[in-house]
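Here the structure comes first, spelled out in structure tokens, and everything after it is commentary.
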Amino acid sequence: MGLFLVGVAAWLGRQSDWRPSTVGGGAVEEDRRETAEKPGGLMRWLTTVDHKDIGILYGLFSVTAFVVGGLMVVVMRLELLQPGETIIAAATYNALLTNHGITMLFLFGTPFIAAFANYFIPLFIGANDMAFPRINAIAFWLLPVSAVLIWGGFFLWPIVENVAPAQTSWTMYPPLSTSSTAQGTPAGPTGVVNPGADMMMLGLHLSGISATMGAINFIATIFTERGEDVGWHNLDIFSWTILTQSALIVFAFPLLGSALLMLLSDRNFGTLFFAPEGGGPILWQHLFWFFGHPEVYILVLPPMGIISYVLPRFAGRKLFGFKFVVYSTLAIGVLSFGVWAHHMFASGMDPRMEGAFMAVSLAIAIPSAVKVFNWITTIWSGSITLTAPMLFCIGFISNFIIGGVTGVFLAAVPVNLILHETHYVVGHFHYIVMGAIGFAFFAGFYYWFPLVTGRMYQQRLAKWHFWLSMVGTNVVFFALVLLGYAGMPRKYANYDVPVGPQELFINLNQIATLGALVLFVGQLVWAYNFISSAFEGPIVDDDDPWDLDETGMKTREWDWFRENRMPMSGGGHAIAYDGGTEQDADAEVTSDADAQAPADADATTASPDEDPLSTDADAEAREADRDADEN
């Protein structure tokens with residue numbers, strides 16, 4: 001893996017010296033096709049293959065899943081407010097636990113990344129659309145079917161006997177997952193396995209097919225659809241993270257699909273893939289976690305790209321060490337396939353193997369730390385503007401540091417054996433999933449909201465959303481970390497136990513529930529701001545709503561916004577890539593690909609008529625406007 005990374009670095013080094021190059025230069029492709037007029041109403045959304053429309057569909061779907069998964073966990077936390085069964089039964093708690101994890105990881109996390117990538121990757125790289133627009137649409141429409149299957153047990157539970165939501169936990173460990181009934185217990189010799197669990201596994205498999213199709217499409221798009229002025233040396237940082245994530249998906253998700261088919265075969269056809277007399281239950285853990293830990297980086301790398309893209313806009317300077325942020329992204333991608341067994345230290349592994357996996361698990365913290373230091377240095381040397389996107393970027397860094405440091409402890413075998421399957425793991429993981437990935441989602445949402453909707457949100461409400469989310473996140477998840485240190489196991493619906501620090505368990509669970517409610521109120525603020533602003537927010541009449549011109553940090557998607565969403569003004573700006581310098585149309589333009597290059601190094605003149613995102617009609621309109629001005 002190390003040799004592979006060195007080879008990739010050497011190849012990239014040969015492509016360019018990472019110097020800036022012209023941005024927005026080059027004529028519009030002669031064979032660029034005009035987009036056909038879209039149908040109106042519902043038919044537009046059911047038949048669209050436009051990457052922007054599909055990005056919006058992904059976004060709405062992921063928000064829906066976020067709401068469903070969030071409501072599930074609020075009910076769970078209310079149940080844990082006091083020991084004993086208080087508001088829901090243990091079987092219901094287990095069903096919510098299982099479906100909350102799968103919903104947030106596969107129906108929220110991956111689709112929300114696809115939302116940003118579908119909408120913006122073609123704009124960033126100067127492409128007309130995705131490489132395979134119809135496959136792009138198919139990949140999305142598999143997701144609603146997947147959601148119906150995953151949640152199908154809840155729909156059928158009240159009306160069909162012996163059918164219930166899956167209660168296997170999201171990790172689906174055998175032997176429970178191979179024979180669980182509607183009551184959640186292993187089936188006896190004549191017991192009936194729960195069809196709701198089968199539906200969940202089929203839905204999960206379908207979501208993996210969707211993700212794999214999308215990943216292949218992103219790889220093909222970035223490799224083949226880039227504009228002539230977009231090379232590997234000046235590809236924006238978000239596209240780099242999507243490219244790396246897509247490669248991880250191509251290698252990881254098919255393995256999950258194969259393992260799920262084997263698990264379904266064990267449940268329904270009597271095979272012995274994961275039975276003790278066959279392959280054994282530990283085989284499932286190896287297969288699942290070989291997918292499961294790269295999945296963490298599948299989820300976190302693009303949010304890192306969003307932070308690396310948005311944060312410099314409001315720090316007033318280019319991303320520090322752009323090249324090393326790219327290399328650290330590639331390093332994480334390679335190393336992520338060598339750390340899966342740290343989830344299995346308590347399963348009885350050979351100590352020599354444990355030592356090897358511990359070393360790689362500790363090593364993967366290094367490229368993550370590189371990114372953190374680059375973000376901090378970008379802020380340290382910048383001129384900060386505390387908008388809502390910037391607040392969420394800073395919150396991301398803070399939460400990611402806590403989540404990363406708590407993860408380093410779990411990578412050490414002796415510590416892992418003590419904290420394994422306690423609430424410490426839940427706190428660590430959710431610092432990453434909600435405290436980092438969720439915050440990156442909101443940073444990108446607020447930054448690009450004016451571009452997508454043409455309206456501006458209520459900025460005071462956005463800041464209230466940040467502070468409620470930041471306080472709630474740290475209260476709930478730090479309390480879970482302390483619960484883990486106290487020894488409370490995870491995945492338990494009831495902690496009314498005769499041994500252990502019972503009073504401490506109650507107090508910390510109450511604090512965690514309070515934090516969850518604060519976090520929930522924050523999301524209500526966001527939902528109100530989102531919906532009201534999308535329909536009634538002030539219309540954006542400027543292609544620079546964030547005043548990025550003042551620091552030269554305006555990027556090319558805002559040029560697209562000016563050309564396609566605003567009335568023609570007869571003038572324009574040459575737009576630079578991430579971190580580059582943006583000046584007037586007749587001025588010198590630089591790219592941000594070399595974070596160490598001077599702002600005026602190797603710059604060349606660019607005209608707005610040469611922007612690859614413009615159409616021939618746009619160019620003729622601007623030429624006519626200039627002639628009118630001269631006359």
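Separating the CG atom in Leu71 from the CD atom in Gln523 is a distance of 11.0 Å, to the nearest 0.5 Å. Atom SG in Cys393 sits 10.0 Å away from atom CZ in Arg313 (nearest 0.5 Å). Atom CH2 of residue Trp380 and atom CD1 of residue Ile376 lie 9.5 Å apart, to the nearest 0.5 angstrom. Here Glu550 contributes atom CD and Asp544 contributes atom CG; the two are 7.5 Å apart, rounded to the nearest 0.5 Å. Separation of atoms CD1 (Ile394) and CG (Leu386) is listed at 5.5 Å; rounding is to 0.5 Å.
By the 4.5 Å heavy-atom criterion applied to side chains, Met470 and Leu391 are not counted as neighbours. Counting heavy atoms from C-beta on, the side chains of Ser383 and Thr551 never come closer than 4.5 Å. Residues Phe429 and Val296 meet the side-chain proximity criterion, which asks for heavy atoms closer than 4.5 Å. Under the 4.5 Å side-chain criterion, counting only non-hydrogen atoms from C-beta, Ile209 is in contact with Leu142. Between Leu243 and Ile219, some side-chain heavy-atom pair lies under the 4.5 Å cut-off. Contact of the Met130 side chain with the Phe218 side chain is registered, since non-hydrogen atoms from C-beta on lie closer than 4.5 Å. Leu299 places a side-chain heavy atom less than 4.5 Å from the side chain of Thr110. Two residues are said to be in side-chain contact when any heavy atoms from C-beta on lie closer than 4.5 Å; Thr221 and His51 fail this criterion.
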- [ ] Under the side-chain contact (heavy atoms from CB on, under 4.5 Å) rule, what do Phe439 and Phe466 come out as? Steps first, then yes or no, please.
- [x] CA-CA 9 Å; Phe439 274 50; Phe466 166 75; 3.9 Å; yes
- [ ] Determine, stepwise, if the pair Leu311 / Thr378 fulfils side-chain contact (heavy atoms from CB on, under 4.5 Å).
- [x] CA-CA 8 Å; Leu311 185 143; Thr378 302; 3.6 Å; yes
Task: Phe400 and Lys371: CA distance, side-chain angles, deciding distance, side-chain contact (heavy atoms from CB on, under 4.5 Å) verdict - done: CA-CA 11 Å; Phe400 183 74; Lys371 295 179 182 293; over 6 Å; no
TODO: Report the C-alpha separation of Phe120 and Trp560 in whole Å, then their side-chain angles, then the decisive distance to 0.1 Å, and conclude whether the side-chain contact (heavy atoms from CB on, under 4.5 Å) test is met.
DONE: CA-CA 11 Å; Phe120 294 109; Trp560 172 87; over 6 Å; no
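When the options Asp236, Asp543, Asp229 are evaluated for a salt bridge (Lys or Arg N to Asp or Glu O under 4.0 Å) with Arg556, the one that passes is Asp229. Among the candidates Ile307, Val310, Ile306, the single residue satisfying the side-chain contact (heavy atoms from CB on, under 4.5 Å) test with Phe238 is Ile306.
For Thr47, the side-chain contact (heavy atoms from CB on, under 4.5 Å) partners are Pro39, Met43, not counting sequence neighbours. Among residues two or more places apart in sequence or in another chain, the side-chain hydrogen bond (donor to acceptor under 3.5 Å, both in side chains) test is passed with Trp546 by none. Contacts of Tyr528 classified as side-chain contact (heavy atoms from CB on, under 4.5 Å), with partners at least two apart in sequence or in another chain: Gln458, Leu461, Ser532. Scanning for salt bridge (Lys or Arg N to Asp or Glu O under 4.0 Å) contacts around Asp53 gives Lys38, Arg44, with sequence neighbours left out. For Ser368, there are no side-chain hydrogen bond (donor to acceptor under 3.5 Å, both in side chains) partners at least two apart in sequence or on another chain. For Trp375, the side-chain hydrogen bond (donor to acceptor under 3.5 Å, both in side chains) test picks out Ser308, with sequence neighbours left out. Take Asn374 and apply the side-chain hydrogen bond (donor to acceptor under 3.5 Å, both in side chains) test, not counting sequence neighbours, and it matches no residue. Thr244 pairs by the side-chain contact (heavy atoms from CB on, under 4.5 Å) definition with Leu301, Thr329, Leu330, not counting sequence neighbours. With sequence neighbours left out, His100 forms a ring-ring contact (aromatic ring centres under 6.0 Å, His included) with no residue at all.
The side-chain hydrogen bond (donor to acceptor under 3.5 Å, both in side chains) pairs that include a residue from residues 429-441 are Tyr431-Asn474, where partners are two or more places apart or lie in different chains. Pairs passing the side-chain hydrogen bond (donor to acceptor under 3.5 Å, both in side chains) check and including a residue from residues 131-146, sequence neighbours excluded, read Asn118-Asn136.
Using modelled atom types, no side-chain atom of Asn529 and backbone atom of Val525 make a donor-acceptor pair closer than 3.5 Å. In this structure, Lys463 contributes its side chain and Ala388 its backbone to no donor-acceptor pair below 3.5 Å. A donor-acceptor contact shorter than 3.5 Å is absent between the side chain of Thr48 and the backbone of Trp45. Counting only distance, with no hydrogens or angles, the side chain of Ser62 and the backbone of Gly59 share a donor-acceptor pair below 3.5 Å.
Taking each heavy atom of Glu225 and Ala127 in turn, the nearest pair found is O-CB, 3.3 Å. Closest approach of Ala117 and Ile242 over heavy atoms only: CB-CD1, 3.7 Å. Counting all heavy atoms, side chain and backbone alike, Tyr297 lies closest to Pro302 at O-CD, 4.2 Å. Across every non-hydrogen atom of Ser239 and Ile222, the tightest pair is O-CD1, 3.6 Å. Minimum interatomic distance between Asn217 and Ala131 (heavy atoms only, all atoms of both residues): OD1-N, 3.6 Å.
You'll find the ring centres of Phe392 and Phe396 outside the 6.0 Å limit. Checked against the 6.0 Å centroid criterion, the rings of Tyr309 and Phe124 qualify as a close aromatic pair. Taking the six-membered ring for Trp, Phe223 and Trp232 have ring centres closer than 6.0 Å.
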When the side chains of residues 440-453 are checked against the rest of the protein, which donor-acceptor pairs come out under 3.5 Å, sequence neighbours left out?
unit_1: Tyr446; atom_1: OH; unit_2: His465; atom_2: ND1; d: 2.8
unit_1: Tyr447; atom_1: OH; unit_2: Trp558; atom_2: NE1; d: 3.1
unit_1: Trp448; atom_1: NE1; unit_2: Glu557; atom_2: OE2; d: 3.0
unit_1: Thr453; atom_1: OG1; unit_2: Phe449; atom_2: O; d: 2.8
unit_1: Thr453; atom_1: OG1; unit_2: Arg455; atom_2: N; d: 3.1
unit_1: Thr453; atom_1: OG1; unit_2: Arg455; atom_2: O; d: 3.2

